[in-house]
Amino acid sequence: METEYKGRLTYAKGASIEFVIAPNQDVDFGDILVVEGNNNDRFYIRAHDFKVKSRWSGLNGVGYLMSKLDENGQVVNQEELDFYMGGNHTVKIGMAEQLCYVDDKGQLLNPKTCPDFFCQVRALNAQDSSLLSEIKGDLEIGFLKSGRGVLTMPVGIYGAKSITEHIGIFGTTGSGKSNVVKVLASSVIDSGNYGLLIFDVHNEYFKDLSSHPMSRERLCVYHTDDKQYGKTIEVNFSEVGPEDITACATFTEPQLDAIYKLSSMWKDDWMRYALQYDAKDIIDELAGCTGQKFNSRTIGKIKSICWNLEQELHVKQEEATVISQIITELEQGKVVLVELKNISPVGEQALSTLLSKKLLNNYAGKTEEERSQIKPVLIVLEEAHRFLGKKENSSSNVFSRLVSEARKFNLGMCVVDQQPRLLADKVLSQLNTLFILGLASKADRSKIEAMCRKDILQQRNEIKNLDCGEMIVATNYMRFAAPVKVHKYENFLQQRYAGYVPVPPII
Ligand SMILES: Nc1ncnc2c1ncn2[C@@H]1O[C@H](COP(=O)(O)OP(=O)(O)O)[C@@H](O)[C@H]1O
Ligand SMILES: [Mg+2]
């Protein structure tokens, strides 16, 4: 196989490396290169800086060249200057950091030693299979990016390792977050080994995901409207717990107290009775049971929120609802899309809380044996700071429970946000896989740098300059954070499915 020669090593100390770049070659910031060791081993390095050196670099040399210029610093005699500058007097030195090391048996290891003087430096190629299989994953997201080009080397994540360790997707509006979610969903559909629950706050995924060739078998859509496609969400009264209500609006202490008292008094029927009975009867009933006399405005507010939810989420008395169906679909490794755009913020929060809680309780209630029969599920939560922000992150919130407990039960959270700094530190520190897209604000970038388990300081410049659809993937099992050009969803399908024609939406 042809190797693309890039230069030769001229200096190494610990994990830092310098190499002289071959005269006709380009090396860019962020390029991942290979140093061929002398013992059939290899060193993977990332270029992070450059310097130019010449035999004229010394003070005397510079002074001599300056004397050839006129008083305005302009060249007097180009030919003469070319004569001095010509030949191999000038070199460009690349400065790099060793990322990992492959021994002669092809085993990938953290840096163990440094390469020898004048070893050859080359571009990555298909021979680098140990490295490529580590970054490839089973859920493909994009191609490895080199400084100015894209290599046809797939990058993705291993779902089995990363889903239960939680994922964060961060980027400013327009940086390509939704596209990443689509590509991830498409890879999940291809794989069939994981469930994916997407809370789609902008109703932006159905059109694209339903064009996936396997969407009929593997994509399920729910909404609260009467649409041509998908199913309408229906909830049973007994499925709505007090925490679903308290999660969706701000309540005063007496209101919270009343909600919990109602639920302990009437159990599964609490919401139905709260709607059915007059405020006055409810107050009497509560007074009889608990000795507490609640204000009629307190009860009024609770009744009003319950009424709104009943309307929006179609809360009914019928036994069979779609909730258990959704959970079964997720257990089977399907992608479940819940469209929330047309629901009020209150309804949206109640529904996402309720569904996530049911999923958590369902997975938590299973034995190890039972759990091994069902697929791990990833829950995608957009604009996550609304649920997992610094203030919202209380232990009673189902999403913070998911972040801290879910991995035991084979569940994981995928937190999508344009302002990671708004998320609680406790949440950020639990995200073991980060997809870092372009972040315009320095405060957000600094937050990510501070919270990321991988040392990404070396890539600070790269992160600052990420274009739309470009990202850095840092995950705990990969030895380094990889620069990625995310596939554009449509192109990804075309590339995967030769002769691909979008399928009409499912009805
Ligand atoms: N990897 C990519 N390659 C090419 N274009 C992309 C890529 N990711 C996103 N885009 C384009 O950029 C625009 C914004 O992307 P989107 O995913 O909606 O961003 P966000 O959700 O972060 O606001 C879209 O028009 C999309 O087609
Ligand atoms: Mg978006």
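Each ligand, and each atom within it, is numbered from 1 in the order the structure gives.
- Within the 4.0 Å cut-off (strictly below), a protein heavy atom is located near atom 5 (N) of ligand 1.
- The Ser178 neighbourhood of ligand 1 comprises atoms 17 (O), 18 (O), 20 (P), 21 (O), with distances under 4.0 Å to a heavy atom of that residue.
- The protein atom (non-hydrogen) at minimum distance from atom 15 (O) of ligand 1 is Gly176 CA, 3.7 Å.
- Residue Ser178: an N/O/S atom is found under 2.8 Å from the Mg ion (ligand 2).
- A salt bridge is absent between Lys161 and Asp138; no separation between the charged side-chain nitrogens and carboxylate oxygens falls under 4.0 Å.
- Nearest non-hydrogen protein atom to atom 26 (C) of ligand 1 is Lys488 NZ, 4.4 Å.
- For atom 24 (C) of ligand 1, the protein comes within 4.0 Å by no heavy atom at all.
- Checked by atom type, the side-chain pair Ser162/Thr433 shows no donor-acceptor distance below 3.5 Å.
- An N or O contact shorter than 3.5 Å links Gly174 to ligand 1 by distance.
- A donor-acceptor contact closer than 3.5 angstrom is absent between the side chains of Gln419 and Ser441.
- Only the side chain of Cys468 comes within contact range of ligand 1, with a heavy atom under 4.0 Å; no backbone atom does.
- In terms of protein heavy-atom proximity, atom 8 (N) of ligand 1 is closest to Asn179 ND2, 3.3 Å.
- Side-chain atoms of Thr172 and Gln418 form no donor-acceptor pair, as typed in the model, at a separation below 3.5 Å.
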Would Thr328 and Gln325 count as a side-chain hydrogen bond (donor to acceptor under 3.5 Å, both in side chains) if you check the C-alpha gap in whole Å, the side-chain angles of each, and the deciding distance to 0.1 Å?
CA-CA 5 Å; Thr328 309; Gln325 190 182 343; over 6 Å; no
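- Ligand 1 places these atoms under 4.0 Å from at least one heavy atom of Thr173: 23 (O).
- Residue-level proximity to ligand 1 for Lys485 is carried by the side chain, the only part with a heavy atom below 4.0 angstrom.
- Under 3.5 Å, the side chains of Gln349 and Arg386 contain no donor-acceptor pair of N or O atoms.
- Between the side chains of Tyr497 and Asp190, at least one donor N or O lies within less than 3.5 Å of an accepting N or O.
- Within the structure, the closest approach of Ser175 to ligand 1 falls below 4.0 Å when heavy atoms are considered.
- Set against the non-hydrogen atoms of Thr172, the atoms of ligand 1 under 4.0 Å away are 22 (O).
- Between Lys316 and Glu310 there is no salt bridge, since no side-chain N of the basic residue sits under 4.0 Å from a carboxylate O of the acidic one.
- Proximity of Leu360 to Phe409: side-chain heavy atoms (C-beta onward) are separated by under 4.5 Å at one or more points.
- Short contacts between ligand 1 and His487, defined as distances under 4.0 Å to a heavy atom of the residue, involve ligand atoms 1 (N).
- The atoms of ligand 1 that sit less than 4.0 Å from any heavy atom of Val486 are 1 (N), 2 (C).
- For Val180, no heavy-atom contact with ligand 1 is shorter than 4.0 Å.
- A heavy-atom distance below 4.5 Å is found between the side chains of Phe29 and Phe50.
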